[in-house]
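Beneath this line is the structure, given in structure tokens, with notes to follow.
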Amino acid sequence: MLSTLGLRAGYGGKPVLQGLDIEVRQGEIVAVIGRNGVGKSTLMKSLIGLVPAMEGSIVYGDKPVEHLSAFRRARLGIGYVPQGRDVFPRLTVGENIAVGGMRAGRVTETDRARVLDYFPILRERWSQRAGTMSGGQQQQLAIGRVLVANPQLILLDEPSEGIQPNIVQDIARIMVQLNADTGVTIVLVEQNIDMIRAMAQRCYVMDKGRVVAELTREALADGEAMRRHLAV
Amino acid sequence: MDVGTLAFSALYQFGDAFAFLVLSACGLAVIFGMMGVINLAHGEFIMCGAYVTVSAAHAGVPLPLAIVLGALVAGLVGALVEILVIRHLYDRPLDTIVATWGLSLIGTQGTLILLGSTMAGVGTPFGSFTVGDYSYSLYRLVLCGMAVLVIAALYALFNWTRFGVMARATIQVPHMAAALGIDTRLVYSLTFALGAGLAGLAGGLYAPTMTLVPTMGTTFIMEAFVTVVVGGADVFLGTAPAAAVLAVVKATMTSWYGQLAGQIGLLMAVIIVIRVLPRGISGFLLRERA
Amino acid sequence: MNALSRFFRRLEGPQTLGRGPGFWIGFLVVLAGACAYPLFSDGYTVGNTVYFFTWIFMALGLSLIWGYGGALSFGQTAFFGIAGYSYGILTINFGAAYGFTFVALLFAVAIAALFAALLGYFLFFGRISGVFLGIVTLSVTLVLERFMAQTAGPEWKIGAARLNGFNGMSNMPPLTLPWPGGDIVLFPDVQLYYVVLGMLVLVYLGLRILVNSSFGNVLVAIRENPERAEMLGYDIRKYQLGTFVIGAALAGLSGVLYTSWGQYITPSSMGMTAAALPIVWVAVGGRSDLTTTLVGTITVLAVFQALTIHGSQYALVVMGVLLVLTVLLAPRGLIYALARLIARPFSSRASNGQPGDA
Amino acid sequence: ADPIKLGVLEDQSGDFAAATIGKVHAIQLAAEEINKAGGIDGRPLELVIYDTQSDNTRYQEFMRRVLQRDKVDAVFAGFSSASREAYRPIVNQFDGLAFYNNQYEGGVCDANMIVTGAVPEQQFSTLIPWMMEKYGKKVYTLAADYNFGQISAEWVRNIVKENGGEMVGEDFIPLGVSQFSQNIQNIQKAKPDFVVTLLVGTAQASYYEQAASANVDLPMASSVNVGQGYEHKRFKPPSLKDMYVTTNYIEEIDTPKSKEFVAKFKAKFPDEPYVNQEAENSYLAVYLYKQMVERAKSTKRDDLRKEIAKGDVCMDAPEGKVCLDPKSQHMSHTIYLAKVGADHSITFPKVWEDIKPYWLGEAGCDLTKSDPSAQYTPSNPPPKN
Amino acid sequence: MPMLETKGLNKRFGGLHVTNNVDLTLQAGEVHCLIGPNGAGKSTLFRLILGEHLPSSGAILFGGEDITSLKPFQRIRRGMSVKFQVPGIFKALSVRQNLEIAMQHHYDPAVLGEEIDRLLAFLNLTADAGRLAGNLSHGQKQWLEIGMAISLKPRLLLLDEPTAGMSPEETHATGEMVKRLNAQGMTVLAVEHDMAFVRQVAQQVTVLHLGKVFAQGSIDEIVANEEVAAIYLGQTTAHETAHEAGHQQPGGAHA
Ligand SMILES: Nc1ncnc2c1ncn2[C@@H]1O[C@H](COP(=O)(O)OP(=O)(O)OP(=O)(O)O)[C@@H](O)[C@H]1O
Ligand SMILES: Nc1ncnc2c1ncn2[C@@H]1O[C@H](COP(=O)(O)OP(=O)(O)OP(=O)(O)O)[C@@H](O)[C@H]1O
Ligand SMILES: NC(N)=O
Ligand SMILES: [Mg+2]
Ligand SMILES: [Mg+2]
């Protein structure tokens, strides 16, 4: 479904990702973990195309996409929830959702209703400007905005950040449910171990722009092993 | 003189000032108000629209069509300018001051070199009508109507259509819009072209009533900037009320104390409005944090 | 020696590009060249160079307000004009004897600064920022221009000085140095050149000290993120006001020097075109550094003048093209780009800690 | 022989270009003719031309340059009065000689200046009484709100009063204003017999189109339009219908000298849209200079002034005979009353010959006796001595 | 005397009553955590305390002084500082300069350089000192922002989600830092969604819900509160947190 080979990408000519290989199969939920600044977000950005690949390849489906610009990749069915939310501050909640759905033409009534059922606060605040929403509300909007277009691959960059604990659990549940129902593939960057455990089937550990380990579901369950890897 | 005549003349003067402010400003409201590009070449897009309109009219194209043609050509030039220059400057809007200043020099002097220092006019259509003791130009009412129409059309475009929402999203957080599947380059080009086209429309509409010289754009530019800024960040909740407020001040001052007072009154009104509403009229209407 | 090195340390810091012995040796060489050059040149060139110099103060002031403080003032010419007219009014009324012209210079600059203080109070304590600030300052200068343009009538005079409307005010004496055995009249020639050069060096070094002080730190903090700066306990309004007044005083100094250079001041020096020019100079050089602003301003003035001389009707087109190309090819300013190019082989530090050209 | 150098500082771009490019061309034409005919006393004319871009600061830069670096013998400079005032201190400082070849508000009494343009006493003392006689005594003035407009309006006011008329209104328009709806209404309200339009710059010319489309339909009188800005060529008829202008030259003047001048001009500059008053002023100024130099056998300013002081520096210009007034160093002119018809054709209902620039001299300016440098106005005349 | 008191604090945005009669008391020297659902009004309360928003009604007392109408910078100078939810750093300036701007008026110029070095080391940013703050990773920005806040040596430190985006180890280290600062006498008010962090540092917890104070007490009391679990914690979290409370160990407990 998605794989990178020897991916190097970074900012201003300096690579952050130093030859990174991952492979995600159709319908999988794969987590990426690592300490601050190792390049997790950079990986996500280069997968969606916001950071250009300097070397190496990114294959999505069976097509190489590293030369496509971000909007083309999005139109191929990749949804991206960035770290730091990046909602459109002066658009209303409703308009944010509408923009999320544009890739697939217009948002259908059922899709919208589904997303609003996931995150009732969005329905409540449908005409509020997104920039005035609380941090956690914005995060929910950022996730909802992507789900409304029914992507085949979702890139989630620290989706739990700033969200209240019970909704974190809800999000994990929703994602797993979605994955089961529609077979959507998910790549998840997270620091929240409970969320990883609740969602991920597999996990890459990153350090200094490389994958340094891969953990199976069993290893994920083992708290000690996780802790060791995160302390690299 | 009876009250009806006086009332009509006051209304006419207000409408006339309002139309000039709105039509001067609407293209800039898109390019500067929405996109954040400080477009000092705005006047040259207006001039372009006027020149094309008049040239077409001289060539026998009916005036309404010639005006549309003026707007279209200005829009095309806008698209070209966007692709060649502006596109590279979105992340540093202040630098657009210098770039568009340069474009303005090129536009003005280039026109002078290519087309000479003046162009013959086409004359104002529709003739005049009389109310009480005064006779008025009918075309001025048309301008007024066009101003209202343009505002309504823009409001509809940006709030009710897909393109409008896309454009606003793109301008607010471009990388995220791209990541959601919007062709942001295209949206930018189209939006800029729209702004340039609106400027061209203003030029085309005013062309029959004005001297045609390469520097004619400068007579619009101060009014345009002032209206857009007093309006504030939101194009339509801002520009229209700003133009209305400023038109009242300008028309009143002009009729009482003359054109100088009108001009100074306009500028003072700007200073006072911004002092009272530091983020413009729409900033006040849409109070928000962030 | 210690005091000297302490002095030099205050001239350097993250807020200015030129650093280290290499830069200062270069500075002294350029300064020596500037001092020596009138000896090898003709009166016209010297007078013309003074003319270029007169504008630099305004550019440096704008660099401070805009480049460092992040507040785009589109109305520096208002202070330029106020000081220019003040100088005219004072000297026409009180003459040039006993070095009064320099007293008038100080008064004129002070009047501009005072006006800036009032305006700045109104602006910054009213929390006006961004483009709003630009438009208000532009409006102020345009009001002054429109007003002065219509003062042609004989009723518009202050003492013996007719304001003289759009035609402008003339007949004021040039700057005059009191000198034993006859005052030296500073026509645009060698004497005036040295006086203005001296002022320039003082202002440049003074501003370097200012921007590299803790004041300068706060200034760039306000530029980057005013809310955060306030949340660090700084009363940003006062810093902005202070900067605005200093920048205005420098614009005023330009105004006085310009007025005495050509014995003429006109409302159009406060008009739209005049108001945009300083922004162009500063932006082309690289607004967030004093040195690039200084060099950039001279470069733009000289290049544009040369183009006008040699380019006939194509001059303005070529200027326009050059401006567009500069912005596209040298995102942080022409002089900045050149400086980086020159500095690169000499210092590895240059690439460190400098914003990337993203 | 050494060439005689003439500096030419005119606005070939910017706001004033439309009225000024022709001035440069006229000077080039005159210089070419003179050089073909052997120059001035055998010395060829060499022009040093700079484009002042309608920018006062450029006048200051380049006036210094032509005088100090290029060391020209005389300078032909300036369209707007502001530009003239900008360079005048510099001409004074270097004691140069400058020709101002533009009609203007009058009053410059300056030993370093020679003015070939017409002044209000020439244009208004002819125009206004004629108009009052023909159309009536109620006058409305619409003028540019700066020195030229204000001082010209003062002249109009005074002349109207002297002739027993009444000013029913005056409106001043800041430069650059292009919208006139309110002024049009003011004029209709005042019901004048005719309107004096002293509008300057390309923006203000829009008045005519706007007044016509509102059907104002009043006769107009002007000292500056048509002759300078050839508005009758730029606007569609009949917006300038019944416009009367006193001018010392326009290309429609139907004399052999004039026709010859226009023919030569159009042959050399086929793209020139119009040969206006200032072009002719500039053209004759070059010949005037030639004559003075030849008589003085010198290019020194003081020698030339001695010739001027004799009071017989005259020549046959395309407009007719002109002479230089020694007291003010201004020019006498043939003043043509041009009438714009409904189809924008020009007729000349009246011609006044040899109208002198009398005011400065009568008011007390005498450049044969002293070397002042000032500009006076009727309400601020020279000190009487 | 309490360090901070809010009395009947109200804030409305249009029809939205975001802060509803909040009475909050912070004793000097305590670490107080503010929790509550998204949109409960926590960040808004911070902005009210800092003076970024003015309350619709009510009063704020700081060290006994009524500061309700003071400007933000005046409040900061009286001894508070803040780390915002969204990092507010000087993006185009170097990391070092960010700290210098924060610290320059709080340290003797002679030792300023060393103090900055020390703080950089503490924040794990020594290697990044010369880089532009805007180019840091999200977590690094959080650290920098925290560093700027504590470098003012405030009496009251306000932290809005200080550990968002941090790994468990870093979260734990942040908690230890808060405790250390507290031991030195700093009063801390922190907003957090990470219950492990709250448990690690909080001496007092206030739950905000729909703009009102919903519950108050020790972390154990709060976790035991069924209603809080229902609106905020969710069942498993409440359970796990209570469970892990038994054997606290570094970096061990996570929401
Ligand atoms: N815009 C940028 N320009 C330059 N360098 C950057 C930029 N964004 C991030 N970096 C650098 O790239 C490296 C990786 O950053 P990235 O954001 O991918 O880290 P991360 O693993 O997501 O960290 P975190 O957990 O803190 O979010 C860091 O060293 C960071 O400083
Ligand atoms: N300017 C505003 N206009 C309208 N509503 C606003 C504004 N600012 C905040 N709100 C609303 O006030 C409520 C409280 O927001 P606040 O940011 O204080 O929440 P919070 O408790 O910090 O939440 P989170 O945990 O998600 O950060 C939210 O519902 C938000 O949408
Ligand atoms: N001389 C003029 N018309 O300004
Ligand atoms: Mg990240
Ligand atoms: Mg919050």
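Here is the naming used below: chain letters follow the sequence lines, and residue numbers restart at 1 for every chain. If you're wondering where the values come from, they're calculated on a predicted model, not measured in any experiment. The figures that follow rest on heavy atoms only: side chains count, while hydrogens, waters and symmetry mates do not.
- When heavy atoms are compared at a cutoff of 4.5 Å, B:I271 approaches chain C by way of both its backbone and its side chain.
- Atom-to-atom distance recorded for C:L328:CG and B:R87:CZ is 12.5 Å, nearest 0.5 angstrom.
- From B:I221, atom CD1 reaches atom CE of C:M272 across 5.5 Å, with rounding to the nearest 0.5 Å.
- Side-chain contact check for C:L142 versus B:M222: some heavy-atom pair is nearer than 4.5 Å.
- The two residues C:S139 and B:V226 make their nearest non-hydrogen contact at OG-CG2, 4.4 Å.
- Without hydrogens or angle criteria, B:R92 side chain to C:V327 main chain gives a donor-acceptor distance under 3.5 Å.
- The two residues B:D95 and C:P331 make their nearest non-hydrogen contact at OD2-O, 3.2 Å.
- When heavy atoms are compared at a cutoff of 4.5 Å, C:T273 approaches chain B by way of both its backbone and its side chain.
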Inset, instruction - Quick one: do B:L112 and C:Q313 satisfy side chain to side chain contact (heavy atoms under 4.5 Å, CB included)? Show the steps, please. - result: CA-CA 9 Å; B:L112 180 80; C:Q313 58 178 347; 5.6 Å; no
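- Smallest separation of non-hydrogen atoms from C:R127 and B:P278: O-CB, 3.5 Å.
- No other option in C:Q150, C:E227, C:M319 has as many heavy-atom pairs under 4.5 Å with chain B as C:Q150.
- To the nearest 0.5 Å, atom CG of residue B:L267 and atom CZ of residue C:F147 are 14.0 Å apart.
- In terms of non-hydrogen atom pairs under 4.5 Å with chain B, the most contact-rich of C:L322, C:V324, C:T326 is C:V324.
- Contact of C:V140 with chain B is made through backbone and side chain together, with heavy-atom distances under 4.5 Å.
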Legend entry - Trace of the side chain to side chain contact (heavy atoms under 4.5 Å, CB included) decision for C:L316 with B:T108: CA-CA 9 Å; C:L316 289 164; B:T108 311; over 6 Å; no
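- Counting heavy-atom pairs closer than 4.5 Å to chain C, the top-ranked of the candidates B:I97, B:L260, B:V270 is B:L260.
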Legend entry - Steps toward side chain to side chain contact (heavy atoms under 4.5 Å, CB included) verdict (C:L138, B:F225): CA-CA 10 Å; C:L138 178 64; B:F225 269 97; 5.7 Å; no
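- Taking each heavy atom of C:I128 and B:R275 in turn, the nearest pair found is CD1-CA, 3.7 Å.
- Residue B:L89 touches chain C through its side chain alone, counting heavy-atom pairs closer than 4.5 Å.
- The nearest pair of heavy atoms linking B:I106 to C:V317 is CG1-O, 3.7 Å.
- Counting non-hydrogen atoms of neighbouring residues, nucleotides and ligands closer than 6.0 angstrom, the OH atom of C:Y121 reaches no more than 12 such neighbours.
- Considering every non-hydrogen atom in both C:F132 and B:V229, the closest pair reads CE2-O, 3.1 Å.
- In this structure, no portion of C:L325 lies under 4.5 Å from any heavy atom of chain B.
- For C:F122, the CZ atom is densely surrounded, since the number of other residues' heavy atoms within 6.0 Å is greater than 12.
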Inset, instruction - Carefully, step by step, assess C:I135 and B:I274 under the rule side chain to side chain contact (heavy atoms under 4.5 Å, CB included). - result: CA-CA 9 Å; C:I135 288 291; B:I274 292 179; 4.3 Å; yes
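- Residue B:L266 does not touch chain C at all, counting heavy-atom pairs closer than 4.5 Å.
- Using a 4.5 Å heavy-atom cut-off against chain B, the contacting residues of residues 275-283 of chain C are C:A276, C:L277, C:I279, C:V280, C:A283.
- If you tally non-hydrogen atom pairs under 4.5 Å between each of B:G280, B:G36, B:G102 and chain C, the highest count goes to B:G102.
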